[in-house]
Engineer: 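The structure under discussion is supplied below as structure tokens; questions concerning it will follow.
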Amino acid sequence: MQKTMKLLTYWQVALLLGCVLLSTFLTEQLVRQDIAYARGQQLEQQVANAGHIRSFLETELNRALHLNFGLTAYIKAKDGDVTAEEFDLLLPELVKQGRYIRNIGIAPDNVLSYVHPIQGNEGAIGLYYPDIPEQWPAVKAIIESRRGKLVGPVQLMQGGTGFIHRVPVFIQDNYWGIVSIVLDPTALWQELQLIADRYGIDAALRTKLDDDQFSAGFFGPTTLFYDDSLLLTLSIRGAEWQLAIRSTDPLRTRAVEIRVMGYSVSLLLLALLAWLTFSRRLLQQSTHQLKLQQQYLTTVMDNVADAIVTTDSAGHIEQINQAASDIFGLDMSQLQGVHWSSLLDDPTEQAALLDATSSPHKLVITQGRNRYDQAFPLSISRSEVDFNQLKKNVILLRDMTEQQKVDRLKSEFVSTVSHELRTPLTSINGSIGLILGGVLGAVTPQVKQLLQTAYDNCAALTRLINDLLDIEKLEAGKVSFQYQQVQLNDVLQTAIAANQPLAHTQKVSLHLMCPDNSIQVYLDPARLQQVLTNLISNAIKFTPHEGEVILKLSTDKGQALVEVLDAGPGVPEHFQSQLFQKFAQADSSDRKQQPGTGLGLAICRALIEQMGGHIGYRKREGVGSCFYFTFPLVDTLESNDYSRST
């Protein structure tokens, strides 16, 4: 029994040892294959990177050297009879076109007679190539071969190093001279180094000499030519260079991981089994919780009255709620993957809408279109969110059909009430005015004070009713305009004169800045006076005592620009988007410092836009506000632009 137990134990040990050996053998085989694969991948990457460098060098050098051939062709076309004045015109233009050109030289009869630019190259003027033992053999070989060649880097007579591309010029088989372009390698090497750094490689260059030997390296670490770097030959315009490439990234293998996995396979399998069992249980719980959360979010979204559409960064719909399906008459299967602009009446508006809703609090009114090809008013607001490092858009859409019906009913109600109140208010105002005027005899000071208060309040109420009626007429298109050509300077002076009493009462000075008195536009001067009176009175009310209000007239890109500048507290940033809306006031409480109905700026915008202008607001530099409006100048208008009848 004991022998059997020993034999059994021996086989267990032998089996374990066999498994260890097999695991070791398989692991090392996998490590060798992984290293071989990694080296192959790195080699492929090095070849690709070498191609990028080769392409860069050939492109940049050929771009400059083609200019040399063009200049040679020009000299041949002129039979060598090219004047100094012609070279003075040609050479600067050619130098401008080459990125790395240091200078261009022309040497008729081997005498360097023309060089551009002269500055920095004075030492090269007048050189006779046969007198330069360092360069004459190369020049002579080029002349004998009758072919251009790129040489270098060479030490230049004027100082520094460079690459020289020389082309011999023969006219009717007679030697005329040499045309050469000197390339400054400094900027070229910097660009090449950036490319090498970008691809994570070390690169080096050297020249192949005529005796099949190589020069010292002129770019990059020379040691690359003597290790296991990838070596390639570059032929550029007769010059042969050798390029050495080596990746700076270490060889990425998984040898350690493979060995650990192979040597610990049994333990890992047990651990993996336990981990899988535990993970499966966690996954089941997480899946259940996720389903509950999705159901909860779906329930919440489907009970929101507004349409909610989520899209990817490109604008393709990923999810909608029930309200979106009800509004547009389309379900998720029909909209998923479709661009959200298909929900608009005019899909080409989507770029402008995205720009207009760049922040979540901005809301834009446009037109939507449902599955029955019916257009309807639609409001849009948008938020951009990050989800799993991906940009998503959440678009909130609201069908404005019912709201516009309510707004229309409200406007009709306000118009009706205003018309009904206007007549009795006029009668009351007139009656109180007659009493204050003494028609019925003198009244006591106490009674007069009460009557004056009633008279002022009647006037304020009358102004409110007039503003309401003006808004109603503007929205209905019932306001008439008398267009004529006017000088804006005269209109602004009239507006200042009309508002001087209010400015005097508030101890505010009014000034007009108008460098050009001849600015003319086509508009209704009476309606413009209404706009100016509103803007100036607002500026006066919000400017502190002893302050000033400035009217500035100028031109900008074919537009007349009028600016009303005050020294007040300015408009809060959160309120600026509502500034020109009806009944909009930054301080709408009962304790607001300045009285107003919130209709003046809405009327101004409607009048300016109906006269073909644009009105806006921007914060003034320092302290204060700037309300401005623009109109096209008379000179920029076509005749049919201002021939509108009243």
Side-chain angles (χ1 to χ4, degrees), residues 57-189 191 207 235-239:
L57 288 172
E58 291 178 346
T59 300
E60 295 301 331
L61 291 176
N62 283 329
R63 181 183 300 169
L65 302 186
H66 280 311
L67 300 176
N68 209 359
F69 292 112
L71 181 57
T72 302
Y74 179 80
I75 294 173
K76 289 182 179 180
K78 300 282 287 187
D79 290 330
D81 187 16
V82 184
T83 65
E85 290 78 7
E86 289 180 273
F87 285 130
D88 290 340
L89 291 174
L90 284 172
L91 298 186
E93 293 300 322
L94 294 177
V95 171
K96 288 180 183 178
Q97 295 181 34
R99 292 181 60 185
Y100 306 104
I101 295 178
R102 174 170 175 173
N103 64 67
I104 299 179
I106 301 176
D109 297 323
N110 294 330
V111 178
L112 195 58
S113 304
Y114 306 96
V115 176
H116 183 83
I118 294 295
Q119 185 176 4
N121 299 290
E122 296 87 348
I125 296 296
L127 291 177
Y128 183 51
Y129 282 125
D131 292 340
I132 309 173
E134 297 86 357
Q135 297 187 20
W136 173 243
V139 174
K140 183 178 179 182
I142 291 173
I143 296 172
E144 291 175 352
S145 67
R146 297 196 175 196
R147 298 178 63 183
K149 186 174 182 180
L150 178 68
V151 297
V154 298
Q155 192 70 30
L156 302 176
M157 301 300 296
Q158 62 269 39
T161 60
F163 291 95
I164 305 177
H165 183 250
R166 299 187 180 102
V167 179
V169 181
F170 288 85
I171 299 176
Q172 296 179 353
D173 209 33
N174 294 318
Y175 175 67
W176 181 84
I178 290 285
V179 177
S180 61
I181 287 183
V182 178
L183 302 177
D184 185 356
T186 304
L188 182 63
W189 295 158
E191 187 81 12
T207 302
S235 297
I236 302 177
R237 297 297 177 187

Engineer: Is there a side-chain contact between Thr207 and Pro153 (heavy atoms, below 4.5 Å)?
Structural biologist: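 The answer is yes; the side chains approach within 4.5 Å.
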Engineer: Check Ile75 against Ile171 and note the closest heavy-atom contact, atom names and distance.
Structural biologist: O-CD1, 4.2 Å
Engineer: What class does the angle between the rings of Trp189 and Phe163 fall in, given that below 30° is parallel, 30 to 60° is tilted and above 60° is perpendicular?
Structural biologist: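 The arrangement is perpendicular - the two ring planes meet at more than 60°.
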Engineer: Could you pull out the closest heavy-atom pair between Ile132 and Pro137, with the gap in Å?
Structural biologist: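 Of all heavy-atom pairs spanning Ile132 and Pro137, the closest is O-CD, 4.5 Å.
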Engineer: So, the side chain of Thr186 versus the backbone of Asp184: is there a donor-acceptor pair under 3.5 Å, distance only?
Structural biologist: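 No, the answer is negative, given that no donor and acceptor are paired below the 3.5 Å cut-off.
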Engineer: Roughly how far, to the nearest 0.5 Å, is CG of Leu71 from CZ of Phe87?
Structural biologist: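 Nearest 0.5 Å value for the CZ-CG distance: 6.5 Å.
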Engineer: Do you know which two heavy atoms are closest between Gly162 and Pro185, and how far apart they sit?
Structural biologist: CA-CD, 3.8 Å
Engineer: Kindly compute the distance separating CZ (Arg146) from CG (Asp173), expressed to the nearest 0.5 Å.
Structural biologist: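 Between atom CZ of Arg146 and atom CG of Asp173 there are 4.0 Å.
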Engineer: To the nearest 0.5 Å, what is the distance between NE2 (His116) and CG (Leu90)?
Structural biologist: 11.0 Å
Engineer: From Ile106 CD1 over to Leu112 CG, what is the distance, rounded to the nearest 0.5 angstrom?
Structural biologist: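 The CD1 atom of Ile106 sits 9.0 Å away from the CG atom of Leu112.
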Engineer: Using the side-chain contact (heavy atoms from CB on, under 4.5 Å) rule, take Ile101 and Leu67 through it: C-alpha gap first, then chi angles, then the decisive distance, then the call.
Structural biologist: CA-CA 10 Å; Ile101 295 178; Leu67 300 176; 3.7 Å; yes
Engineer: What distance do Ile143 atom CD1 and Arg166 atom CZ have between them, rounded to the nearest 0.5 Å?
Structural biologist: 9.5 Å
Engineer: Once rounded to the nearest 0.5 Å, what's the spacing between atom NE2 of His165 and atom CD1 of Ile142?
Structural biologist: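 So the gap between those two atoms works out to 8.0 Å.
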Engineer: Please report the closest heavy-atom contact between Gly148 and Pro168, naming both atoms and the distance.
Structural biologist: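 The pair with the smallest heavy-atom distance is N-CD, 4.0 Å.
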Engineer: Please give me the minimum heavy-atom distance between Tyr128 and Asp109, naming the atom from each residue.
Structural biologist: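 Distance-wise, the nearest heavy atoms are CE1-O, 3.7 Å.
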